[in-house]
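Treat the numbers as computed from the prediction; the structure is a model and nothing was measured.
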Amino acid sequence: MVENEFPITDVLPLIPQRYPFVMVDALKEFSKTEVVSSFTILEDNIMTVQGGFTEPGLVENMAQTVALHTGYDYYRRGEEAPTGYIGSIKKTSIKKLPVVGDTVTTKAMILHEIMGVTMVNVKVYNAEGEEIASGEMKTVIAG
């Protein structure tokens with residue numbers, strides 16, 4: 001990977017998740033306080049049911065977008081992506097579920113990050129730019 005060449009489509013070195021539980025497929029933007037990912041819903045995705053992506057799939061996409069932020073930050077320092085966990089989820093709203101073939105874009109704004117705990121505001125958009133899900137999440141690096 002070459003730093004700052006976006007989008008980065010080889011995200012596996014940046015996140016601890018592995019197939020079949022990968023819910024991000026590109027890192028589109030990165031800064032200290034924001035990250036943007038994209039994800040195309042495929043028919044064989046473990047979170048796809050009867051041609052539609054599920055609510056837990058969207059929540060996991062949000063969490064993995066945060067993991068992508070942390071993992072890319074570690075990558076830039078020459079370190080391996082850490083394992084993390086969802087500590088809490090608040091104010092989650094899912095307005096619309098994507099279907100097989102849709103690509104969603106997920107934007108996470110880092111509100112606070114201290115001692116391995118990250119608080120974020122996350123929004124998921126469909127290809128038309130319509131917000132389809134949002135929430136606040138706290139993630140914790142294992143350790």
Side-chain angles (χ1 to χ4, degrees), residues 1-113 116-142:
M1 263 186 288
V2 177
E3 187 173 331
N4 294 326
E5 282 195 18
F6 297 103
I8 295 172
T9 55
D10 182 15
V11 298
L12 288 181
L14 304 177
I15 59 174
Q17 292 82 8
R18 294 295 173 253
Y19 182 82
F21 213 70
V22 175
M23 304 297 149
V24 293
D25 54 24
L27 172 60
K28 296 178 74 172
E29 297 175 29
F30 173 89
S31 74
K32 184 175 179 172
T33 58
E34 287 185 28
V35 63
V36 179
S37 74
S38 67
F39 183 59
T40 300
I41 314 302
L42 301 178
E43 189 170 354
D44 66 348
N45 185 286
I46 195 166
M47 295 291 194
T48 299
V49 176
Q50 298 178 342
F53 201 51
T54 62
E55 291 90 346
L58 277 178
V59 171
E60 186 60 28
N61 167 263
M62 292 182 204
Q64 289 187 24
T65 297
V66 178
L68 202 52
H69 183 271
T70 303
Y72 185 68
D73 193 39
Y74 272 65
Y75 165 78
R76 294 181 334 145
R77 298 188 314 238
E79 299 177 39
E80 189 174 317
T83 299
Y85 303 96
I86 298 172
S88 68
I89 302 170
K90 299 188 322 185
K91 301 180 184 175
T92 301
S93 170
I94 297 178
K95 301 172 187 171
K96 190 177 193 180
L97 292 172
V99 297
V100 169
D102 286 353
T103 298
V104 295
T105 299
T106 306
K107 298 180 182 183
M109 170 74 75
I110 311 304
L111 303 174
H112 307 287
E113 190 169 23
V117 178
T118 305
M119 180 67 92
V120 298
N121 185 328
V122 187
K123 295 183 179 187
V124 183
Y125 301 89
N126 62 18
E128 292 76 37
E130 173 188 11
E131 182 183 307
I132 61 169
S134 63
E136 289 182 10
M137 187 175 287
K138 183 190 306 181
T139 61
V140 181
I141 292 177

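- Within the structure, the ring-ring contact (aromatic ring centres under 6.0 Å, His included) test picks out the following pairs touching residues 32-58 (sequence neighbours left out): F39-F53.
- Partners of T40 under the side-chain hydrogen bond (donor to acceptor under 3.5 Å, both in side chains) rule, at least two apart in sequence or in another chain, are T103.
- Taking K123 as the reference, E131 meet the salt bridge (Lys or Arg N to Asp or Glu O under 4.0 Å) condition, with sequence neighbours excluded.
- Listed by chain and number, the residues in a salt bridge (Lys or Arg N to Asp or Glu O under 4.0 Å) with K91 are E136 (sequence neighbours excluded).
- Note that NZ of K90 and OG1 of T92 are 10.5 Å apart. Values are rounded to the nearest 0.5 Å.
- Under the side-chain contact (heavy atoms from CB on, under 4.5 Å) test applied with M119, the options M109, H112, M137 reduce to a single match, H112.
- You'll find the side chain of F30 stays beyond 4.5 Å of the side chain of L68, heavy atoms only.
- Counting only residues at least two apart or on different chains, the side-chain hydrogen bond (donor to acceptor under 3.5 Å, both in side chains) pairs with a member in residues 16-39 are S37-T65.
- Every side-chain contact (heavy atoms from CB on, under 4.5 Å) that I46 has, sequence neighbours left out, goes to P20, F21, M23.
- Remark: E128 pairs with no residue by the salt bridge (Lys or Arg N to Asp or Glu O under 4.0 Å) rule, at least two apart or across chains.
- Note: N121 CG to M62 CE = 10.0 Å, rounded to the nearest 0.5 Å.
- The side-chain contact (heavy atoms from CB on, under 4.5 Å) test applied to V99 returns D102, not counting sequence neighbours.
- In this structure E79 satisfies the salt bridge (Lys or Arg N to Asp or Glu O under 4.0 Å) test together with R77, sequence neighbours excluded.
- The stretch residues 45-62 participates, sequence neighbours left out, in these side-chain hydrogen bond (donor to acceptor under 3.5 Å, both in side chains) pairs: E60-Q64, N61-T106.
- Between atom OG1 of residue T118 and atom CD1 of residue I141 there is a gap of 6.0 Å, rounded to the nearest 0.5 Å.
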